Amino acid sequence: MKFRVGDKVKVRSWGSMEVEFGLNYDEIDTPDYPFAEDMERYCGKYVTISGCHRNYYNIKEDNEQYSWTDTMFENVVGHKFKVGDKV
């Protein structure tokens with residue numbers, strides 16, 4: 001697991017995950033957990049890790065509804081937020 005509670009991470013685009021993992025009906029077949037069509041609204045947005053479990057995360061923005069994994073997030077190492085950023 002790359003991230004900790006409180007980390008801000010960016011959700012990958014639907015297209016990049018579809019190319020890498022393939023589409024299975026209406027969801028992307030990522031390792032461990034599928035990326036459901038309802039999760040697409042978070043693509044390209046910064047979200048906040050609110051829970052870390054053995055092989056998945058929860059995020060604050062979806063009220064911990066879905067299971068998120070490292071492969072669903074962009075690598076944003078070194079990203080610094082500043083006043084006025086919309087995350």
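Computation of the quantities below employed the complete heavy-atom set of this structure, encompassing side-chain atoms and omitting hydrogens, waters and symmetry-equivalent molecules. On a predicted model such as this, the values are computed, not experimentally measured, just so you know. Numbers here are sequence positions counted from 1.
The aromatic rings of Tyr66 and Trp68 sit perpendicular to each other, their planes meeting at more than 60°, with 30° as the lower class boundary.
Across Trp14 and Ala36, no two heavy atoms sit closer than the pair CZ3-O, 3.8 Å. When every heavy atom of Thr69 is checked against every heavy atom of Phe73, the shortest pair comes out as O-CD1, 3.4 Å. Across every non-hydrogen atom of His53 and Met1, the tightest pair is O-CE, 3.4 Å.
Contacts classified as salt bridge (charged side-chain N to carboxylate O under 4.0 Å, His left out) and involving residues 12-23 (residues at least two apart or in different chains) are given here: Arg12-Glu20.
Taking Asp29 as the reference, nothing meets the side-chain hydrogen bond (donor to acceptor under 3.5 Å, both in side chains) condition, with sequence neighbours excluded.
Taken to the nearest 0.5 Å, the CE atom of Met72 stands 10.0 Å off from the SG atom of Cys43. A distance of 4.5 Å separates OG1 in Thr71 from CZ in Phe21, rounded to the nearest 0.5 Å. The distance from the NZ atom of Lys10 to the OH atom of Tyr46 is 4.5 Å, given to the nearest 0.5 Å. We find the NZ-CD1 distance between Lys60 and Ile49 to be 12.5 Å, quoted to the nearest 0.5 Å. Atom-to-atom distance recorded for Ser50:OG and Asp7:CG is 11.5 Å, nearest 0.5 angstrom. With rounding to the nearest 0.5 Å, the separation of CG in Asn55 from CG in Asp70 is 10.0 Å.
For Tyr56 (side chain) and Tyr33 (main-chain N/O), no donor-acceptor pair under 3.5 Å exists by modelled atom type. The backbone N or O of Thr48 sits less than 3.5 Å from a side-chain atom of Glu61, completing a donor-acceptor pair.
Note: the hydrophobic cluster containing Ile28 does not contain Val19 (ILVMFWY, side chain heavy atoms under 4.5 Å, direct or indirect links). Clustering ILVMFWY residues whenever any of their side-chain heavy atoms sit less than 4.5 angstrom apart, transitively, puts Val5 in a cluster other than the one holding Tyr42.
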Go through the steps to decide whether Phe35 and Val11 satisfy the test side-chain contact (heavy atoms from CB on, under 4.5 Å), and finish with yes or no.
CA-CA 11 Å; Phe35 191 87; Val11 179; 4.1 Å; yes
